[in-house]
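Hydrogens, waters and symmetry mates are skipped; everything else that's a heavy atom, side chains included, is used.
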Amino acid sequence: MTDTQNETQASKDLWALRAAACELLAVSFRYPDETLKEALGSGEWVDAADEIWGALGMSLPDQWAEGATETDYHDLRAEATRLFVGTPTPECSPYEGFWRAQDEGVQPLMFVNPHSMEVERFCRACGLGNPEGVNEPLDALATEMELLEYLASLSAGMAEPVPTSPALAELPGGSPEGAYAQFMVDHLLTFAPRMGAWLEEHATTAYYRAAGRLLQAFTASPAATGVVTECAE
């Protein structure tokens with residue numbers, strides 16, 4: 001292979017790793033289902049994180065996942081409800097709009113806050129949105145990770161654009177890579193590092209403390225985010 005071909009392949013390999021990291025985080029922060037239950041029980045969740053984070057050069061603390069795979073499934077779902085759904089309010093909102101409204105000292109409003117609306121417009125500019133009949137805010141952490149996974153997969157040549165997608169040069173930032181970096185800076189990095197830190201300190205289950213550590217390592221790594229570390233501050 002020529003030097004140019006080697007560089008192209010190395011770039012695709014990096015984007016493939018970013019896509020895998022985003023996919024794992026999306027799975028990690030959806031409401032717990034059978035997929036997560038099986039991945040934890042088999043040890044696949046920890047193994048995948050160690051492999052992907054290691055390949056990206058991301059440093060995880062020793063024993064970062066201690067006890068995570070032993071978390072009882074019913075306890076996991078109860079903790080997810082307490083943290084992310086809440087009665088009457090969640091302990092740790094998964095929505096970007098809530099975190100940014102808190103920063104601004106205003107009342108967080110589902111759907112109609114400016115940050116949630118910006119995420120929705122960004123998704124639409126990428127040809128994405130809620131499936132028909134689904135009406136959920138698109139600024140949930142898991143959903144934002146799914147968007148980034150899609151953009152990274154396009155960059156890696158692992159995925160075809162969705163039928164509703166504009167031409168790749170018409171994506172935000174002028175390319176899948178540009179869209180990934182723009183969304184990372186404008187949206188994910190504005191709240192996800194703090195959410196990860198909160199979970200590591202306050203979650204009552206080992207699984208969500210470990211997931212918080214994964215999220216922090218991801219958002220602090222230029223290899224993962226494609227942007228300089230200072231953007232995560």
Side-chain angles (χ1 to χ4, degrees), residues 1-30 35 39 45 48-49 51-58 94-96 115-132 134 136-193 214-215 217-229 231-232:
M1 296 177 70
T2 66
D3 289 345
T4 299
Q5 288 173 321
N6 285 331
E7 290 174 4
T8 299
Q9 187 58 53
S11 177
K12 287 185 176 182
D13 290 345
L14 176 57
W15 281 108
L17 285 169
R18 288 170 175 162
C22 292
E23 180 183 18
L24 186 63
L25 286 170
V27 170
S28 299
F29 286 100
R30 294 188 200 117
T35 299
W45 185 78
E51 180 179 352
I52 298 164
W53 267 237
L56 282 166
M58 291 188 277
Y95 297 106
E96 176 190 332
H115 305 295
S116 299
M117 294 171 69
E118 286 171 10
V119 171
E120 183 174 350
R121 284 193 293 270
F122 194 101
C123 289
R124 287 180 177 173
C126 295
L128 303 173
N130 276 319
E132 186 175 352
V134 175
E136 295 289 341
L138 296 176
D139 63 329
L141 175 64
T143 306
E144 292 197 1
M145 297 309 310
E146 290 171 357
L147 169 63
L148 290 166
E149 177 197 353
Y150 169 69
L151 294 170
S153 295
L154 289 178
S155 299
M158 297 164 50
E160 294 294 326
V162 297
T164 52
S165 174
L168 296 186
E170 296 176 0
L171 290 171
S175 67
E177 297 84 358
Y180 182 96
Q182 182 176 324
F183 190 85
M184 190 70 69
V185 172
D186 291 349
H187 296 286
L188 190 83
L189 294 183
T190 65
F191 78 104
L214 274 188
L215 183 60
F218 177 88
T219 55
S221 168
T225 64
V227 296
V228 295
T229 307
C231 292

Looking only at heavy atoms, which two atoms of [X] and [Y] are closest? And how far apart?
X	Y	result
Ser175	Gly178	OG-N, 2.9 Å
Val162	Gly127	CG2-O, 3.5 Å
Leu151	Phe122	CD1-CE2, 4.4 Å
Pro161	Leu154	N-CD2, 3.6 Å
Met184	Val227	CG-CG2, 4.3 Å
Pro166	Leu171	CG-CD2, 3.9 Å

How far does [atom1] of [X] sit from [atom2] of [Y], to the nearest 0.5 angstrom?
X	Y	atom1	atom2	answer
Lys12	Ser155	NZ	OG	10.5 Å
Glu23	Glu149	CD	CD	4.5 Å
Leu214	Met58	CG	CE	8.0 Å

Counting only N and O atoms by type, is there a donor-acceptor contact under 3.5 Å from the side chain of Ser28 to the main-chain atoms of Leu24?
->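 Such a contact is found between Ser28 side chain and Leu24 backbone.
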Can any side-chain N or O of Arg18 pair as donor or acceptor with the backbone N or O of Ala223 at less than 3.5 Å?
->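 Flag set: sc Arg18 to bb Ala223 pair under 3.5 Å.
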[X] vs [Y] side-chain heavy atoms within contact, under 4.5 Å:
X	Y	value
Glu144	Asp139	yes
Leu147	Leu138	no
Thr143	Phe29	no
Val185	Thr225	no
Cys22	Phe218	yes

In this structure, which one of Thr219, Ile52, Leu215 forms a side-chain contact (heavy atoms from CB on, under 4.5 Å) with Leu25?
->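 Between Leu25 and the candidates, side-chain contact (heavy atoms from CB on, under 4.5 Å) is satisfied uniquely by Leu215.
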According to the interplanar angle, ranging from 0 to 90°, do the rings of Trp15 and Tyr180 count as parallel (below 30°), tilted (30 to 60°) or perpendicular (above 60°)?
->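 The arrangement is perpendicular - the two ring planes meet at more than 60°.
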Under the side chain to side chain donor-acceptor pair (under 3.5 Å) rule, what pairs show up with a residue in residues 160-174, not counting sequence neighbours?
->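 Of all non-adjacent pairs touching residues 160-174, none passes side chain to side chain donor-acceptor pair (under 3.5 Å).
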Not counting sequence neighbours, which residues clear ring-ring contact (aromatic ring centres under 6.0 Å, His included) with His187? List them please.
->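 Once residues adjacent in sequence are excluded, the partners of His187 under the ring-ring contact (aromatic ring centres under 6.0 Å, His included) criterion are Phe183.
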Could you tell me which residues satisfy salt bridge (Lys or Arg N to Asp or Glu O under 4.0 Å) with Glu146, sequence neighbours excluded, listed by chain and number?
->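 For Glu146 the salt bridge (Lys or Arg N to Asp or Glu O under 4.0 Å) partners, ignoring immediate neighbours, are Arg30.
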